[in-house]
Amino acid sequence: MRAMRVSQALIRSFSSSARRHLENRVAEKQKLFQADNDIPVHLKGGGMDNALYRLTMTLTLGGTAYCLYCLGWASFPHKK
């Protein structure tokens with residue numbers, strides 16, 4: 001009997017009626033991302049997308065430079 005109550009509670013919490021408070025903004029996002037304004041699609045989301053893109057590129061280039069430095073350091077013999 002208890003298992004039935006738990007399963008009914010799970011069904012109620014995951015039903016579609018619990019999500020009625022969310023708006024459907026797909027049409028707005030489609031207009032934004034499909035606009036022909038010569039901005040790359042990964043930057044069309046606004047300032048936050050731009051900041052995340054710059055952070056990602058900085059970390060990628062920094063990691064690549066550090067990797068090359070470590071490879072160069074490891075490729076030469078060290079004095080003992």
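Scope of the values below: all heavy atoms of this structure, side chains included, with no hydrogens, waters or symmetry mates.
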Side chains of residues 68-80: which donor-acceptor pairs under 3.5 Å do they make with residues two or more places apart or in other chains?
residue : atom : partner : partner atom : Å
Ser75   : OG   : Leu71   : O            : 3.3
Ser75   : OG   : Gly72   : O            : 2.9

Atom CG of Asp36 and atom CG of Asp38: how far apart are they, to the nearest 0.5 Å?
-> 6.0 Å
In chain order, what residues pass the ring pair (Phe, Tyr, Trp, His ring centres under 6.0 Å) check against Phe33, with sequence neighbours excluded?
-> none
Sort and list the pairs that fulfil side chain to side chain donor-acceptor pair (under 3.5 Å) and have at least one residue in residues 47-60, not counting sequence neighbours.
-> Asn50-Arg54
Please go through Leu55's hydrophobic cluster and name the other residues, only I, L, V, M, F, W, Y counting, with side-chain heavy atoms under 4.5 Å joining them.
-> Leu59
Would you kindly confirm whether Met57 and Leu43 end up in one hydrophobic cluster when ILVMFWY residues are joined by side chain heavy atoms under 4.5 Å apart?
-> yes
What residues form a side chain to side chain contact (heavy atoms under 4.5 Å, CB included) with Asn37, not counting sequence neighbours?
-> Ala35, Ile39, Lys44
